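Indexing begins at 1, ligand by ligand and atom by atom, following the structure's order. As a basis for the values below, the full set of heavy atoms in this structure was taken, side chains included, without hydrogen atoms, waters or symmetry mates. These figures come from a predicted structure and were not determined experimentally.
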Amino acid sequence: MNRCSRCTNLHRMTQATFSDSPSTLFINGRWEPAASGAVSRIHNPADGELVATVSEAGREDTERAIAAARAAFDSGVWSSVPAPERGAFLLKVAAELRERREKFARAESLDTGKRIIESRIDIDDIAACFEYFGRLAGQSAGRVVDAGDPTVVSKIVYEPVGVCGLITPWNYPLLQAAWKIAPALAAGCTFVLKPSELTPSTAILTMQLLQDLGLPDGVANLVTGPGAQAGAPLSEHPDVDLVSFTGGLETGKRIAAAASGTVKKVALELGGKNPNVVFADADFDAAVDNALNGAFVHSGQVCSAGARLVVEESIAERFVDELVRRAQDIRLGGPFDESAESGPLISAAHREKVDAYVQRGVAEGARLRCGGAAPEGEKFDAGFYYQPTVLDRVQRGMSVVVDEAFGPVVTVETFRTEDEAVATANDTIYGLAGAVWTQDAGKAQRVAGRLRHGTVWINDYHPYLPQAEWGGFGQSGVGRELGPTGLGEYQEAKHIYQNTSPQVTGWFADHGKEK
Ligand code: NAD
């Protein structure tokens, strides 16, 4: 690791907004400290080094941010900008993100511990997301409806939903935020963003970028801080019209329950326990390699991770042997370690949770084929690393098979028939993503059609497209991000019905006239 260049980079960041008495709340176009003066420190999970000190918002700060977003929305300062111009603004955001790519990527890597190469890919994906919604904005002027009466003009127009509360997790901090910010701005909404308290840095940089590009005050607001204080008002407050949340299932339930008090629109992107189904006729090498990627990219801290390998019994032994051999070879290291192929987990508490799932699985009878512990060695001492872990001989119903461990852990189940493969893959309360591997095109389509998951890959794992909807069946969520539906989440459909030739209806007799 090149410590000197990292320190220089950190120093530049701290000069901008990260100091011991930071002002990282962005409210109505101004950078402010928390009203309480509270701050929290962000540490790099790869080595524990201090990365940033940020303001820790409380309820009153979030309420101020909501008021700013409400006033900006009601003033029409953004919603009345013609949609193609809003789109052009998003294209400028994308271009500027590409300009500032390295700065954003480094900030993302320092907060999350993920490899810099992965963060650069994330920033490219984020720019592509802004470009997609930038082009989509203004493409639809609504819909003319045939009322069946030539004297009636009936049309559907799509209007911004209003003030949006955007709450995001730590695994892909800015990517998950961009999936919300870009369509919200394209639709003409205003918003308050509450990023994970563990990874706020790129959200702060994004607000700076939006300010630099001249977004009107109050359209974009940011509160940094913990969920219960800084985030909760976004789901409860009557002035918030929509809350869009990405995170864990239990938090999602709490947010949906809180949002019901004011019947606001709710969009939820929650966890997954995603099956990767491999038939015996699959391309063996490609399937093993992608099973490895599916399970262990970003140390398995991916909502769509292929954490359940469901493999045809006739090839299971050879397949798992090969998977284990490859998993044991994965090189762990910090974000700037060029030899590293995967990084640490986000925190000590999270590593304990992942390990508890593994140990419980073993206690319940699963066979530990590799991993199951933190790696040894000085370079790992200060970080939250966990070895890639494979468990076979698992039983359905074990918590390591049922619950989202959200770490580098893959379980192996086997099947004999196509029906059994589908039943196993669908045996989850979640339904975010899954994959099927086979060289039989008919079987691939049949199985893909029967999987109750929001994304199904055939002979691949993990790719997504900004123009294709993303979201979950079952308890993986409500609503969709990306694609045209992802814009629709931030719009209300309004029916405008105009009678161009008003007539007396005669429904009620005019009794006064009769007299
Ligand atoms: P989390 O639920 O702990 O936290 C997510 C966000 O919610 C954070 O910003 C947190 O501060 C906030 N929060 C917590 N309690 C809150 C409350 N009462 N009110 C308002 N906000 C509150 O999730 P996490 O650990 O940050 O992220 C990991 C989870 O995210 C995993 O379950 C993963 O599957 C999921 N995820 C899903 C997708 C998807 O596309 N479906 C994408 C990424 C991550």
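Taking a heavy-atom cut-off of under 4.0 Å, ligand 1 is surrounded by Ile167, Thr168, Pro169, Trp170, Asn171, Gln176, Lys194, Pro195, Ser196, Glu197, Gly227, Gly231, Ala232, Phe245, Thr246, Gly247, Gly248, Thr251, Ile255, Glu269, Leu270, Gly271, Cys303, Glu404, Phe406, Leu432, Trp470.
Just one residue in the list Val354, Val410, Asp355, Leu368 forms a side-chain contact (heavy atoms from CB on, under 4.5 Å) with Thr389, and that residue is Leu368.
The aromatic rings of His350 and Phe406 stand perpendicular to each other, their planes meeting at an angle above 60°, with 30° marking the opposite boundary.
Every residue was checked against the ring-ring contact (aromatic ring centres under 6.0 Å, His included) condition with Tyr490, not counting sequence neighbours, and none meets it. Partners of Tyr461 by ring-ring contact (aromatic ring centres under 6.0 Å, His included), not counting sequence neighbours, listed by chain and number: Trp457. In this view, Tyr385 and Phe380 satisfy the ring-ring contact (aromatic ring centres under 6.0 Å, His included) rule, not counting sequence neighbours.
Closest of all the heavy-atom pairs between Thr168 and Pro195 is OG1-CA, 3.2 Å.
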